[in-house]
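Right, one structure below, let's go through it.
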There are 2 protein chains.
Amino acid sequence: MTKAKTGIVMMNLGGPANLDQVEPFLLELFADREIIQLPLQRWLGPFIARRRTPKVKRLYQSIGGGSPILGYTEAQGRGMVERLDRLSPATAPHRFYVAFRYVPPKSEDALRAMHADGVKRAVAFTQYPQFSCSTTGSSLNELWRAAARTGLRDAFEWSVIDRWPVHDGFIAAMTDTVREGLEQFDPADRDRAVILFSAHSLPLDVIDRGDSYPQEVGAGVQRVVERLGAPNPYLLAYQSDVGPVRWLGPSTEQVIRRLGARGEKRVLVVPIAFTSDHIETLSELDREYGEVAHRAGISHYKRAPALNDRPRFLDALADIVREHLASGLPYSSQYRERCAGCSNPQCRNILNPIVTAAQQAGDGQERLTVGR
Amino acid sequence: MTKAKTGIVMMNLGGPANLDQVEPFLLELFADREIIQLPLQRWLGPFIARRRTPKVKRLYQSIGGGSPILGYTEAQGRGMVERLDRLSPATAPHRFYVAFRYVPPKSEDALRAMHADGVKRAVAFTQYPQFSCSTTGSSLNELWRAAARTGLRDAFEWSVIDRWPVHDGFIAAMTDTVREGLEQFDPADRDRAVILFSAHSLPLDVIDRGDSYPQEVGAGVQRVVERLGAPNPYLLAYQSDVGPVRWLGPSTEQVIRRLGARGEKRVLVVPIAFTSDHIETLSELDREYGEVAHRAGISHYKRAPALNDRPRFLDALADIVREHLASGLPYSSQYRERCAGCSNPQCRNILNPIVTAAQQAGDGQERLTVGR
């Protein structure tokens with residue numbers, strides 16, 4: 001096997017691959033203070049996780065006994081590196097490594113495998129198109145901590161793809177899914193279907209800190225709609241809020257109920273912030289909200305397919321990495337700017353960033369210093 | 001004087017032209033249930049308006065004794081129709097009419113003047129780039145009510161320009177203002193200035209109804225930053241929240257305080273949702289938040305200029321109307337779709353819409369029916 005020259009760490013939340021992983025997944029999720037902050041978290045986190053386990057197990061049971069996210073991520077990774085080897089021979093061979101946040105394979109697994117493959121140049125590639133501290137931020141903080149825990153702190157030179165909310169290839173692939181979604185309606189009244197973009201919500205406290213997520217989601221929606229060029233009305237809502245705190249709205253579930261109440265008969269829901277099918281699409285959007293829609297009198301409730309392993313999306317992933325490698329930049333100009341209300345000194349760091357052309361010329365070093 | 005062929009009603013909030021107009025302006029503002037919903041509004045609205053009058057008078061006194069918005073709107077109108085007469089001879093001559101929501105000239109004034117000029121074809125052109133029910137929505141509802149009150153219900157054939165959040169000319173003009181704003185910083189550290197886009201906030205209850213405002217603001221910010229192509233970090237915050245209810249964040253004022261607290265020295269604030277200088281730029285952004293910035297240790301706090309009567313913005317306004325007239329469409333595909341949580345049957349209507357080519361061909365009529 002040829003030694004890999006460029007390692008690409010595909011970071012995502014992950015989901016339990018089988019029912020036995022549900023409880024450990026929830027325990028890790030509710031222990032992560034970068035996503036959820038609870039009083040007495042060491043006690044309350046496990047309590048909530050254990051209490052939710054039976055219900056969440058039933059949900060995973062209903063979608064086939066586990067999350068399909070690992071399978072899709074691996075298909076995406078294979079498609080991506082195969083394309084990259086052609087598109088960017090100078091950085092080939094490329095190899096991908098999956099780093100989930102709350103289930104295996106985790107950051108440690110990715111780092112150890114990458115080290116075993118002889119990789120020196122590593123790219124941390126978030127699989128969340130829009131940046132949020134609670135998703136990409138948490139994954140990156142964990143990646144650097146895992147590097148320290150595994151003794152691989154100095155093993156790689158890093159750069160980060162921290163967001164791609166309006167990347168042309170992503171928007172093109174998303175627009176394809178919307179078009180396919182619309183094709184599920186009768187041509188005679190297809191143009192009347194309301195396109196309901198749905199993104200995972202965030203607690204308002206995260207928004208008020210200055211998280212850029214809603215701005216980036218809004219920008220992506222606009223781009224998809226423009227590219228689609230269809231006369232359908234559209235709107236953006238946020239799904240999956242839980243617990244007692246107030247989350248960013250409008251709530252997807254409530255919007256569906258209200259659209260039905262005022263007589264809409266055709267709704268196409270479009271997951272805009274997830275790239276693979278998982279519990280929030282297969283169970284929440286399809287079943288739970290499908291039932292809400294049915295009860296509200298929406299006779300034609302459809303969902304646009306997820307990007308999953310669609311060739312055009314694999315093209316997009318490869319193109320995002322190719323552009324990033326060609327830029328020579330260690331991260332986007334947004335990455336180092338912590339949220340205005342951030343109180344986590346671990347945020348927005350990078351280990352051993354690549355040396356940029358500007359730095360080699362003795363310029364712009366300071367912006368790259370870790371822990372600015 | 002040649003009879004006007006196309007009348008363009010420029011709708012905006014308006015502001016008191018002199019100190020005597022402050023109290024009536026506030027009385028009208030706090031009586032508008034489409035922007036503010038208070039318990040016992042007929043009593044509490046005037047109470048709050050009268051109590052705020054002395055403070056607001058002092059603010060207007062400090063910016064020269066009144067709002068400059070009428071002067072700028074008239075300059076925008078003149079530049080727009082002059083360009084339109086060249087760009088769109090088939091619909092010339094064009095004439096503009098200002099319709100402010102809470103101070104003269106109001107909708108009645110615009111409608112009567114337009115009627116006196118012999119206009120038959122009228123365009124209701126919002127001067128808010130991003131749509132919100134509390135701004136453009138309220139202005140349009142009032143325009144149709146004023147037409148009924150003045151007996152001019154059947155006087156005009158209408159079309160509506162209800163939003164233009166990412167129109168190329170608008171984005172180009174906005175990007176110019178950001179560039180000029182950045183030029184106020186020393187070239188040596190200009191790239192480190194944080195660009196803080198600031199839009200007027202909305203109560204979360206409006207957001208939760210499904211108002212499209214934050215999505216459209218987010219899209220515009222992305223477009224400006226892309227066109228700017230500068231390495232500066234940026235963020236979007238919301239200003240001017242008042243009263244006890246929770247508003248959409250992050251709060252511009254709090255973000256400025258926090259950026260200062262963590263050691264930022266250079267901040268450029270950019271008004272993204274207003275087109276003319278007014279109390280929220282000249283007093284709130286420049287003075288009030290300028291003072292906050294100073295106290296927080298931000299040594300270089302600057303504001304990008306408002307669009308006002310910049311020629312490139314006048315080009316944009318003319319181009320928006322030209323495109324709209326050429327499209328033959330009565331409104332955007334978003335306009336007729338009421339918010340999912342809307343309870344106001346007046347919303348999203350239009351009087352005597354123009355007959356479109358599709359309708360003349362006997363197609364698509366139903367979508368144009370008022371009160372769908």
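Note on naming: letters A, B, ... go to the chains in the order of the sequence lines (proteins, then strands), and numbering restarts at 1 for each one.
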Are the side chain of Gln334(B) and the backbone N or O of Tyr234(A) linked by a donor-acceptor pair below 3.5 Å? yes

What option among Ile256(B), Val225(B), Val221(B) has the most heavy-atom pairs under 4.5 Å with chain A? Val221(B)

Spell out, as yes or no, whether a donor-acceptor pair under 3.5 Å connects the side chain of Arg262(A) to the backbone of Arg338(B). yes

Using a 4.5 angstrom heavy-atom cutoff, name the option from Cys339(B), Gly249(B), Ala340(B) with the most pairs to chain A. Ala340(B)

Do the side chain of Glu337(B) and the main chain of Val194(A) share a donor and acceptor less than 3.5 angstrom apart? no

Please round to the nearest 0.5 Å and tell me the distance separating atom CG of Leu248(A) and atom CG of Leu248(B). 7.0 Å

Go through Arg246(A), Arg257(A), Gln254(A) and name the one with the most non-hydrogen pairs under 4.5 angstrom from chain B. Arg246(A)

Worked verdict on Gln215(B) versus Gln222(A) for side chain to side chain donor-acceptor pair (under 3.5 Å): CA-CA 8 Å; Gln215(B) 185 268 311; Gln222(A) 189 83 28; 3.0 Å; yes

Is Asp168(B) atom CG crowded by more than 12 heavy atoms from other residues, nucleotides or ligands, each under 6.0 Å away? no

Residue list, ring-ring contact (aromatic ring centres under 6.0 Å, His included) with Tyr289(B), at least two apart or on another chain: none

For Thr252(A), side-chain hydrogen bond (donor to acceptor under 3.5 Å, both in side chains) partners two or more places apart: Ser198(A)

Taking all non-hydrogen atoms of both residues, which atom of Pro231(A) and which atom of Ser333(B) are closest, and how far apart? O-CB, 3.1 Å

Does any heavy atom of chain A fall under 4.5 Å from the side chain of Val166(B), the backbone, both, or neither of them? side chain

Just jot down the ring-ring contact (aromatic ring centres under 6.0 Å, His included) partners of Phe170(B), sequence neighbours excluded, or say none. Trp164(B)

Nearest heavy-atom pair of Ala219(B) and Gly218(A): which atoms, and what distance? CB-O, 3.9 Å

Looking at Arg223(B) and Glu226(A), is any side-chain nitrogen of the basic one under 4.0 Å from a carboxylate oxygen of the acidic one? yes

Heavy atoms under 4.5 Å from chain A: which residues of residues 205-213 of chain B carry them? Asp205(B), Ile207(B), Asp208(B), Arg209(B), Gly210(B)

